[in-house]
Structure formats: structure tokens, C-alpha cells
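Proteins get letters first, then strands, A, B, ... in listed order; numbering begins at 1 in each.
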Amino acid sequence: MSLKLYDTFTNSKIKFDPIDPTNVRMYVCGPTVYDYAHVGNARPVIVFDILFRLLQNIYGTKNVTYVRNITDVDDKIIDAANKASEDIGMLTEKTINYFHDDTKYIGALKPTFEPRATEHIPEMIELIEKLIEKDFAYVAEGNVLFSSSKFSEYGKLSGKDLSEMIAGSRVNVENYKRTESDFVLWKPSKEDEPSWNSPWGNGRPGWHIECSAMSEKLLGESFDIHGGGQDLIFPHHENEIAQSECANGKKFANYWVHNGFVTVEGNKMSKSDGNFVTVNELKDNFQGEVIRLAMISTHYRQPLNWTIANLEESKKTLDKWYSYLESFNEGELDVADNDSDIMEALLDDLNTPKAISILHQKFKNCESGNISLASNFLSAANMLGLLSEKPAEWLTWKQENMNINKAQVELLIAQRNEARMNKNFNKADEIRDELDKMGITLEDKGGETDWKVK
RNA sequence: GGCCACGUGGCGGAAUGGUUACGCAGAGGACUGCAAAUCCUUGUAUACCGGUUCGAUUCCGGUCGUGGCCUCCA
């Protein structure tokens, strides 16, 4: 059984064959850093984390290179900084820290490299010069533009036809463009905008060139997988292909993997309408693995509807699994092996929903105290980045996190148990109702009373 | 208008040319002083219309609907 991935380029699921099995290379478009990441930003982080883990399993941990860039120069950043009267560098630095907190929280492994656009300006300038030299780009009014009509294959990823694109163009086209579909490689900066010295005057790069320059530097002119959200197919990835393939005369990336969009409670996620959920705001109420499980219970190419109900379902599932694991001592379970059932599901274009159903089956087959079955269940879950916390910590997380007055709770429980001993069940139930109003649920197990936060 | 993806039970979500998973919720039961937790049992679905076929949810065509993209939004 070998890995199959759905490739946007061919619009079909195809067998994955790396250029070099001892160095499998993947580039994923990361965030533009001007605000907290929302769940739509988190989706590719988790999806490609699953793929990264899988590739490491197949080819060996050291034989996979995963690059996820950070876009830290961009119009949106400049706008956001101006709006907040904040220094651009401070804003991007702060946002990068938020992003790292978020990725850690959702259990994503660190990529091998996380290059920043502003640290690769010379590489971009060099690439642009190469394109001008080869006559794929031209200078106009301080801008450098890519000449889309010079690249006969322009539009091949998104299945667009150049003439139709021009006909359907709905934006005002700057008159210095030779063809409407030409795009900016370099543009002049205004007085108060970030700028770098270049052969074309002080300016800054266009959006697409960074990915071409940084992927080439870290992964070479050709690499295996290029990923990102569906919305990047056009124009971003289309333009990357144009830049890189024209500059190098080589195929850019062999497999194009794109994740689907996220809606929130059934409605389109829209920043301007305020209909979006940041990862950060979920931290108060849900542990990171809850986010992860909710995210991967839908196949990555399907649209994902983000709802509180689904989060709660995921939480319930993980609580159940962790409760079972709690009955084992630390280190008692062996998680060395990959599970072949989960592996098979993931090899089939990252079929995470199927993998989760397999986890449910394995859990069902677990018997109390059976170390071998529990080990298998746990290692299977670990392949998805799940059940990596200590059970005791997981189960008491809410108690620790919610400013509960534990002494008071324990006291009420003691009072209730005394009432129960005296068969004063009315009073016992009153106390339980009182605790319930505090968000605490009781579980009488054997002679003991456990409590948890709802 | 063009291109792409997609329509499975109350919800989430797999799979398949012929007995349709799995989870949540619902119902019933065991346990419990009653609950909770847990366990057992259980009902319900393949958007619509044609075609191919012994047989289609699955393949083909069409209709309707949803989402995305069409110059810088993951």
C-alpha cells in the first residue's frame, strides 16, 4: 500500500512518488501575520501536520523536509499597523508569537524551516532579475511585472484560460500593465511603508515571489508537495508556478494539495461580518486536541462546518478515551509501533474520518487492563497527534483552568455524602443541584464521589 | 458568465455494482436511593429525473441546490 494524494493539478487521486526518498520535500503556505489566527488558518496547519507525520512514518523522520513560510510584509499588515498606530515590526513579531502559541496548542509539530519573507529579500531580487533577464518580466513605472502572456502554460493549475481571464477581469487594471493578467513582482513603497533597496528603486516584493524564492532556497528548484488552502490555487500558486518555472525551466512542484474551507455555524466565515472564530479564543474552554479532533473528523478537502456542537462531541470522545487510559500507569503502555489500520486510512489521501472510526473500533475492542490492546489503541491515536497528554492532567484540566474553589466543592460533597449516609436524600439532591449550578457534575463510583466540570 | 469541488439518517461522517460503517443525539434496558459515568439493545439516509445493468447510493447524462475561485482571502 502506498500513499495516494489528491492532486489539484490533475484533479485526481494519484500515487505519491518522491523525487528523492531520502529527502522528501513539502512546502506549505503559512500565515500572513497581522492578526490572531482563526480556525480557517488552523485547518491547513493541522492537515499538513498530519501529512508531515505520515511522510515521516513512511520515509523516516530525518528524510522529510517541511517548509511553512511566514509572510511578514504585505499590504494587509501595513493597513493593520496603521490602523492600530503600531510599528510594523512589533505587530508582526507579536503576531508570530501568537501563531506559535496556537500551533503548539493544537499539537502541530514544528516545520523543519519557517522562513520569513523579510529575511529573503535578496533571494527575491535575484529571482526577479533572472526573470527580467529571460524576458519574462518587465519594469514599468517603478514596478516589476510578470508578463503572463510569455508563459504559455499560465493558468494550468487552476484550469483557467488566459483570454477568458482577461475578458472576465473585474478589477481596474493599472495602465502600466501590458496584459491585464500580469502581476507584480516588485513595487515601489511609499514614504512610510517598509522598503528595501533594489535595482528598481526602494520598494517591496509582490506577494507571490517570496514563496518561489524561499522554496527554491530551502527545497531546490523542484520539490514534491506544495500545499495550502483552496483559495490559494488562483492566483497565488498559479503565479508561483509561472515565476519558478520560467526562471528555472524546470517543473516546480509535483503534487498540489489543497484543503477546503471552513464555515462557522453554517455561515461563510467572514472577517468583515465578524463571523469567525480565532484559535486563541477557544483556549479558555477547550483543550488543543479537541480542536484537532474536530478539525480532522472532516476530510481535508470537504468543506468544514465549525460548530460548538462538534467541539463538544470531540471533547466528549477524548474524555472517554482519556478516562480509559487513566487506569494504566505512566509508561506502562508501549507506543513504539505504527498501527497498520490507521496507516492504511491515511495513505488513502489522508482519510482521517475513517482513521477516527478505526480508533472508535479499537477502543471498543479494548478490554479493561489489557496492556497490549491499550498500547495499540494509544499508538494508533498518536499517529493522528491525539492522546498525547497525560490522562490525569487531561481529566483535571478544567478544574485547574476554571478557578474552581476546590475546598468548597469537596466540603459540599462531604456534606452530601453525610446526608446520603443518613438517607436524607432530599438534602443530598439539594446539594447536588447546588453543585450543578456551579457547573459541577458528580459521579458516585463505588464508595467514592468524583466530580468534574461540565 | 467561466473554471473547480460537492450533495449519504436529527447531526457529524466513511464505504460500496448486490447484506450500507462508525461517532453523537434519540428510544429501551442493566447499574444507582435517584442521578451521573459505564455497559447492552435499538429506529431512521444515499437531492431529483432519465440511461446502462439481472441489480445503482455507487457508472453515464441531465435538472435542481450548496460552496469556492475568477489579481494579492487558509
Undergrad: Across the strands shown, which category fits A:Ile233 at heavy-atom distances under 4.0 angstrom: base, sugar-phosphate, nothing?
TA: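 Result for A:Ile233 = nothing.
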Undergrad: Under 6.0 Å from the six-membered ring centre of A:Phe16 and within 45° of its axis: does the NZ or CZ of A:Lys4 meet both?
TA: no
Undergrad: Check whether NZ of the Lys or CZ of the Arg A:Arg301 lies under 6.0 Å from the centre of the six-membered ring of A:Tyr6 and within 45 degrees of that ring's axis.
TA: yes
Undergrad: Counting the atoms with a prime plus P, OP1 and OP2 as sugar-phosphate, which does A:Arg416 contact under 4.0 Å by heavy atoms, base, sugar-phosphate, or nothing?
TA: base
Undergrad: Could you tell me whether A:Lys423 contacts a base, only the sugar-phosphate backbone, or nothing, with contacts defined as non-hydrogen atoms closer than 4.0 Å?
TA: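 Since no nucleic acid heavy atom lies under 4.0 Å of A:Lys423, the category is nothing.
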Undergrad: For B:C39 versus B:C49, give the span between their P atoms, rounded off to a whole number of Å.
TA: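 Result for the P pair: 41 Å, nearest Å.
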Undergrad: Mind checking the C1' distance from B:G65 to B:U8? Whole angstroms is fine.
TA: 15 Å
Undergrad: On a whole-Å scale, what distance lies between the P atoms belonging to B:G18 and B:G28?
TA: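 One P to the other, the span is 36 Å.
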Undergrad: Quickly work out the A:Phe425 CZ to B:C34 P distance and round it to whole Å.
TA: 9 Å
Undergrad: Does the side chain of A:Tyr300 come under 3.5 Å of the side chain of A:Asp349 through a donor N or O and an acceptor N or O?
TA: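 Note: A:Tyr300 and A:Asp349 side chains meet the donor-acceptor criterion.
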Undergrad: Please check if the number of heavy atoms outside A:Lys283 that lie under 6.0 Å from its NZ is greater than 12.
TA: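 Count over threshold, so yes.
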Undergrad: When the C1' atoms of B:U57 and B:G17 are considered, how many whole Å apart are they?
TA: 10 Å
Undergrad: Taking atom P in both B:U19 and B:A36, what distance in whole Å separates the two?
TA: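 Each nucleotide's P atom is 39 Å from the other's.
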Undergrad: Does any nucleotide pair with B:U57 by Watson-Crick or G-U wobble geometry, both distances under 3.5 Å, and what is it?
TA: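 In the structure as shown, B:U57 has no Watson-Crick or wobble partner.
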Undergrad: For a quick check of understanding: with a heavy-atom distance under 4.0 Å over all strands, which category does A:Asn305 fall into, base, sugar-phosphate or nothing?
TA: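 No contact at all - A:Asn305 keeps every heavy atom at 4.0 Å or more from the nucleic acid.
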Undergrad: Quick one: does A:Asp429 reach the base of B:G33 with a side-chain donor-acceptor pair under 3.5 Å?
TA: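 In this structure, the two groups form a donor-acceptor pair.
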Undergrad: Between the side chains of A:Ser195 and A:Ser189, does any donor sit under 3.5 Å from an acceptor?
TA: no
Undergrad: Report the nucleotide, chosen from B:A74, B:C72, B:C69, that has the shortest atom-to-atom distance to any side-chain atom of A:Pro44.
TA: B:A74
Undergrad: Output the single nucleotide from B:C73, B:G33, B:U71 whose closest atom is nearest the side chain of A:Ala428.
TA: B:G33
Undergrad: Thinking salt bridges, do A:Asp436 and A:Arg432 make one under a 4.0 Å N-O criterion?
TA: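 A:Arg432 and A:Asp436: not salt-bridged.
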Undergrad: Rounded to the nearest Å, what distance is computed from the CH2 atom of residue A:Trp306 to the P atom of nucleotide B:G12?
TA: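 Rounded to the whole Å, the gap is 15 Å.
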Undergrad: On a whole-Å scale, what distance lies between the P atoms belonging to B:G7 and B:C48?
TA: 14 Å
Undergrad: Taking the side chain of A:Asp444 as heavy atoms from C-beta outward, which of B:C6, B:C34, B:C72 is closest to it?
TA: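 When the side chain of A:Asp444 is considered, B:C34 is the closest of B:C6, B:C34, B:C72.
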Undergrad: Across the strands shown, which category fits A:Gly228 at heavy-atom distances under 4.0 angstrom: base, sugar-phosphate, nothing?
TA: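 Since only primed, P, OP1 and OP2 atoms lie under 4.0 Å of A:Gly228, the category is sugar-phosphate.
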Undergrad: Just to be sure I understand the rule, does A:Tyr6 reach a base, reach only the sugar-phosphate, or reach nothing, if contact means heavy atoms closer than 4.0 Å?
TA: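 Answer is sugar-phosphate: A:Tyr6 comes under 4.0 Å of backbone atoms only.
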Undergrad: Between B:G12 atom C1' and A:Gln302 atom CD, what is the distance in whole Å?
TA: 12 Å
Undergrad: Under 4.0 Å, heavy atoms only, any strand: does A:His208 hit a base, just the sugar-phosphate, or nothing?
TA: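 The answer is nothing, as A:His208 stays clear of every strand by at least 4.0 Å.
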Undergrad: Find the distance A:Leu293:CG to B:G13:P and express it as a whole number of Å.
TA: 12 Å
Undergrad: Considering Watson-Crick and G-U wobble pairs with both distances under 3.5 Å, what does B:C39 pair with?
TA: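 Across all strands, the one nucleotide that pairs with B:C39 is B:G29.
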Undergrad: State which of B:A74, B:G12, B:G23 makes the closest approach to the side chain of A:Asn310.
TA: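 Nearest to the side chain of A:Asn310 among the choices is B:G12.
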Undergrad: Validate the cation-pi geometry between A:Arg178 and A:Tyr138: distance from NZ or CZ to the six-membered ring centre under 6.0 Å, angle to the ring axis within 45°.
TA: yes
Undergrad: Looking at every strand, decide which applies to A:Thr298 at a 4.0 Å heavy-atom threshold: base, sugar-phosphate, or nothing.
TA: sugar-phosphate
Undergrad: Rounded to whole Å, please give me the gap between CD in A:Glu448 and P in B:U38.
TA: 18 Å
Undergrad: When you measure from the side chain of A:Thr32, which nucleotide among B:G68, B:A74, B:A15 comes out closest?
TA: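 When the side chain of A:Thr32 is considered, B:A74 is the closest of B:G68, B:A74, B:A15.
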Undergrad: With rounding to the closest Å, how many angstrom separate the C1' atoms on B:C64 and B:A47?
TA: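 Per the computed distance, 8 Å lies between those C1' atoms.
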Undergrad: Between atom NZ in A:Lys13 and atom P in B:A5, what is the gap in whole Å?
TA: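 To the nearest whole Å, that distance equals 14 Å.
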Undergrad: Please state how far atom NZ in A:Lys445 lies from atom P in B:A37, giving the value in whole angstrom units.
TA: 10 Å
Undergrad: Quick one: label A:Gln361 by what it contacts on the DNA or RNA (base, sugar-phosphate, nothing), any heavy atom closer than 4.0 Å.
TA: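 Since only primed, P, OP1 and OP2 atoms lie under 4.0 Å of A:Gln361, the category is sugar-phosphate.
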Undergrad: Considering Watson-Crick and G-U wobble pairs with both distances under 3.5 Å, what does B:A5 pair with?
TA: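 Pairing partner, where one exists within any strand: B:U66.
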Undergrad: Taking any heavy-atom pair under 4.0 Å as a contact, classify A:Asn351: base, sugar-phosphate, or nothing.
TA: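 Sugar-phosphate, backbone atoms only, no base.
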Undergrad: Indicate, with a heavy-atom threshold strictly under 4.0 Å, whether A:Met269 touches base, sugar-phosphate, or nothing.
TA: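 Contact class for A:Met269: base.
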Undergrad: For the pair made of CG in A:Asn259 and C1' in B:C73, what is the distance, rounded to whole Å?
TA: 13 Å
Undergrad: Given B:A36, B:A74, B:C6, which nucleotide is nearest the side-chain atoms of A:Arg301?
TA: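 Side chain of A:Arg301 sits closest to B:C6.
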Undergrad: Taking the six-membered ring for Trp and the single ring otherwise, decide whether the centroids of A:His237 and A:His258 are under 6.0 Å apart.
TA: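 Yes, they do, as the ring centres are separated by less than 6.0 Å.
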Undergrad: What does A:Val262 touch in the nucleic acid at a heavy-atom separation under 4.0 angstrom: a base, only the sugar-phosphate, or nothing?
TA: base
Undergrad: What class does the angle between the rings of A:Phe151 and A:Phe146 fall in, given that below 30° is parallel, 30 to 60° is tilted and above 60° is perpendicular?
TA: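 Perpendicular, since the angle between the ring planes exceeds 60°.
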Undergrad: From the list B:A74, B:A37, B:A5, which nucleotide is the closest neighbour of the side chain of A:Glu443?
TA: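 Out of B:A74, B:A37, B:A5, the nucleotide with an atom closest to A:Glu443's side chain is B:A37.
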Undergrad: Would you state whether a donor and an acceptor, one from the side chain of A:Arg432 and one from the base of B:A35, lie under 3.5 Å apart?
TA: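 In this structure, the two groups form a donor-acceptor pair.
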Undergrad: Expressed in whole Å, how much space separates the C1' atoms belonging to B:U20 and B:G62?
TA: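 Straight-line distance between the two C1' atoms is 27 Å.
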Undergrad: Within the 4.0 Å heavy-atom criterion, would you say A:His236 contacts the bases, only the backbone, or no part of the nucleic acid?
TA: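 If one applies the 4.0 Å heavy-atom cut-off, A:His236 turns out to touch nothing in the nucleic acid.
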